[in-house]
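Reading through the structure tokens given below for one structure.
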Amino acid sequence: MQLKKEYDVFIAYHGSYEADGSARTADRIYSYLTGKGIKCFYFPRSAKDAYKANIIEVMKSRLFLFVCNSGVHTDDSKRLDPKRHYELSTEIDAFYALTQLGDAAVKDAKIYACGDMRKGDEACLHELFSNRTHFYESGDEANDFSMIYDWAAHRLENAVSWNETQITSEIKEVFATRASMNQSCRFDDLVATAKCVRAVGISNSELTARINPSAIRNCIARGGKIEILFLDPDGTYTSLREKEEDLRANRIKNITNVNIETALDIRDSLGDGRSNMTIYTYDKQPRMNMIFVDDYLILQYYSNNVQGINNPSFFIEKQAESPVYEFCEKSYNYLKSEAKPMEI
């Protein structure tokens, strides 16, 4: 799979189905920019399936434009509320992570603040937009859109250091579902011979309910280390995920509790090696299921109302240059830094 910078601008917006959302304005900006030769990714025009967080498309884009107004949902600190804007916040996080990785092809991010949004509030929405100048609706749409075009065109024209053929060969296989991946990938064998296994998900069934415990014991006996991050079953985001999947209350909570107990039982059976298996809980929005096995990564995104096992699965092998692997590893380390270890 080739992952290169296919888009000049990723256009994000809020409130597709809200009367005070910004999708209509974003649509007009898309038409204006594409009419002038700027290649944009804008979901309603560029995608065919149901709306989801377009992380791969973010990674393929050079610039990021967020179109919003005062109808955007924020918390008490005026930051974007990820509970109300799940996919949107994931897209912004993804572009922000790319800027932190020092990707030479990622140059800038702007907000087009519409309506009665107060100047300065937009920079509070996310770290990506802090310490930047932004665009504001002036009442003269043609002039506003012209300024957005000038910004994009200038950034594109002066991006002489960009690698137009940036390619990653790290994505080795893509499977329609996790189940189909499991039929092809001998996951137990990977774990049994691994030096380091790191996993983050919701209930982490692959390393608890579905794995042969001897694979974990073999890994630890060979000097390997295992980390598992569970979504806190008593936390805010477990109940939100249950609603998102249209499940009965406590359904995910109960499954996660059982899997945590399974992980604890396996750890208790390791004897002197039990300190090499660490179990954590975190209370953040679950966005990706990631299992790192040495230089391999099994990756899935969590879509709105589909259980993780039914989402497409990516099998990735770390290369000398691995932007996808590094992006995911950074996300994992962030969650681990705020996770709570369970006592040994």
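The model shown is predicted, which means the values in this text are computed figures rather than measured ones.
Checked for salt-bridge contact, Arg28 and Glu141 meet the test: a charged N lies under 4.0 Å from a carboxylate O. Contact check on Arg241 versus Glu245 returns a salt bridge, with a Lys/Arg side-chain nitrogen under 4.0 Å from an Asp/Glu carboxylate oxygen. Between Lys195 and Asp294 there is no salt bridge, since none of the side-chain N atoms of the basic residue sits less than 4.0 Å from a carboxylate O of the acidic one. A salt bridge is defined here as a Lys NZ or Arg NE, NH1 or NH2 lying under 4.0 Å from an Asp or Glu carboxylate O, and Arg79 with Glu127 meets this definition. A salt bridge is absent between Arg84 and Asp81; no separation between the charged side-chain nitrogens and carboxylate oxygens falls under 4.0 Å.
Residue Tyr136 places its OH atom among more than 12 non-hydrogen atoms of other residues, nucleotides or ligands, all under 6.0 Å distant. Annotation: Asp140, atom CG; neighbour count of heavy atoms from other residues, nucleotides and ligands within 6.0 Å is above 12.
Here the side chain of Glu242 pairs no donor or acceptor atom with the backbone of Ala249 at under 3.5 angstrom. With hydrogens and angles disregarded, no donor-acceptor distance shorter than 3.5 Å links the side chain of Asn54 to the backbone of Glu57. His85 places a side-chain N or O within donor-acceptor distance of the main-chain N or O of His73, the cut-off being under 3.5 Å. Side-chain N or O atoms of Asp283 include none that pairs as donor or acceptor with a backbone N or O of Gly235 at under 3.5 Å. In this structure a side-chain-to-backbone donor-acceptor pair under 3.5 Å is present from Ser31 to Asp27. Here the side chain of Ser313 pairs no donor or acceptor atom with the backbone of Phe175 at under 3.5 angstrom.
By the side chain to side chain contact (heavy atoms under 4.5 Å, CB included) test, Ala12 is found to be paired with Phe10, Phe64, Phe66, Leu88, Glu91, residues two or more places apart in sequence or in another chain being considered. Partners of Lys318 by side chain to side chain contact (heavy atoms under 4.5 Å, CB included), not counting sequence neighbours, listed by chain and number: Asp295, Ser322, Tyr325. Judged as a ring pair (Phe, Tyr, Trp, His ring centres under 6.0 Å), and not counting sequence neighbours, the contacts of Tyr30 are Tyr42. The side chain to side chain contact (heavy atoms under 4.5 Å, CB included) check on Asn254 picks up Asn250, with sequence neighbours excluded. Every residue was checked against the salt bridge (charged side-chain N to carboxylate O under 4.0 Å, His left out) condition with Asp188, not counting sequence neighbours, and none meets it. Annotation: side chain to side chain contact (heavy atoms under 4.5 Å, CB included) contacts of Thr74 (sequence neighbours excluded): Val72, Leu125. Residues forming a side-chain hydrogen bond (donor to acceptor under 3.5 Å, both in side chains) with Thr133 (at least two apart in sequence, or on another chain): Lys110. Remark: Gln285 engages no residue in a side-chain hydrogen bond (donor to acceptor under 3.5 Å, both in side chains) (not counting sequence neighbours). Annotation: side-chain hydrogen bond (donor to acceptor under 3.5 Å, both in side chains) contacts of Asn257 (sequence neighbours excluded): none. Partners of Thr193 by side-chain hydrogen bond (donor to acceptor under 3.5 Å, both in side chains), not counting sequence neighbours: none found.
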Evaluation steps, side chain to side chain contact (heavy atoms under 4.5 Å, CB included), between Thr256 and Leu231
CA-CA 8 Å; Thr256 304; Leu231 184 64; 5.6 Å; no

Assess the residue pair Asp8 and Lys39 against the criterion (salt bridge (Lys or Arg N to Asp or Glu O under 4.0 Å)); give the C-alpha distance rounded to whole Å, side-chain angles, the decisive distance to 0.1 Å, and a yes or no.
CA-CA 5 Å; Asp8 298 321; Lys39 189 172 183 180; over 6 Å; no

Would you please test Ser138 and Asn143 for side chain to side chain donor-acceptor pair (under 3.5 Å) and show each step?
CA-CA 8 Å; Ser138 68; Asn143 183 65; 4.7 Å; no

Under the side chain to side chain contact (heavy atoms under 4.5 Å, CB included) rule, what do Ile298 and Phe315 come out as? Steps first, then yes or no, please.
CA-CA 5 Å; Ile298 297 168; Phe315 189 79; 3.9 Å; yes

Going through the distances and angles, do Leu240 and Tyr86 end up as a side chain to side chain contact (heavy atoms under 4.5 Å, CB included)?
CA-CA 11 Å; Leu240 287 174; Tyr86 174 75; over 6 Å; no

Run the numbers on Tyr280 and Ile228 for side chain to side chain contact (heavy atoms under 4.5 Å, CB included), then give the verdict.
CA-CA 6 Å; Tyr280 301 83; Ile228 309 177; over 6 Å; no

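Counting only heavy atoms from C-beta outward, the side chains of Lys284 and Tyr334 approach each other to under 4.5 Å. Between Ile211 and Glu206, every side-chain heavy-atom pair lies at or beyond the 4.5 Å cut-off. Counting only heavy atoms from C-beta outward, the side chains of Ile266 and Asp268 never approach each other to under 4.5 Å. Side chains of Ile279 and Pro341 form no contact here, defined as non-hydrogen atoms less than 4.5 Å apart. Side chains of Leu297 and Met290 form a contact here, defined as non-hydrogen atoms less than 4.5 Å apart. Using a 4.5 Å heavy-atom threshold, the side chains of Ile202 and Asn289 count as separate. Considering only heavy atoms from C-beta on, Glu6 stays 4.5 Å or farther from Ser61 through its side chain. Taking 4.5 Å as the limit, every side-chain heavy atom of Glu317 sits out of range of all side-chain heavy atoms of Ile171.
Judged by a 6.0 Å distance limit and a 45° cone about the ring axis, Lys60 is not positioned over the six-membered ring of Tyr7. Figure legend: Arg198 and Phe292 shown as a cation-pi pair, the cationic atom lying under 6.0 angstrom from the six-membered ring centre and within 45 degrees of its axis.
For residues 229-238, the side-chain hydrogen bond (donor to acceptor under 3.5 Å, both in side chains) pairs, not counting sequence neighbours, are Asp234-Lys253. Note on residues 211-231: pairs passing salt bridge (Lys or Arg N to Asp or Glu O under 4.0 Å), not counting sequence neighbours, are Glu227-Lys336.
Separation of the His134 and Tyr112 ring centroids does not fall under the 6.0 Å cut-off.
Smallest separation of non-hydrogen atoms from Met288 and Phe327: CE-CE2, 4.1 Å. In terms of heavy-atom proximity, Cys219 sits nearest to Ala194 at SG-O, 3.4 Å. For the residue pair Gly201 and Tyr302, the shortest heavy atom distance occurs at CA-OH, 3.4 Å. Scanning all heavy atoms of the two residues, the minimum distance from Asn204 to Val200 falls at OD1-C, 3.6 Å. Considering all non-hydrogen atoms of both residues, Ser203 and Thr208 come closest at O-OG1, 4.0 Å. Nearest heavy-atom pair across Ala142 and Tyr32 is O-OH, 4.3 Å.
Under the 3.5 Å distance criterion, with hydrogens and angles disregarded, a donor-acceptor pair is assigned to the side chains of Ser89 and Arg287.
Partner of Ile29 under the side-chain contact (heavy atoms from CB on, under 4.5 Å) criterion, chosen from Tyr149, Phe145, Tyr13: Phe145.
Leu207 is not connected to Val258 by any chain of hydrophobic side-chain contacts under 4.5 Å among Ile, Leu, Val, Met, Phe, Trp and Tyr, and they are in different clusters. One hydrophobic cluster holds both Val191 and Tyr296 under the rule that ILVMFWY side chains link at heavy-atom gaps under 4.5 Å.
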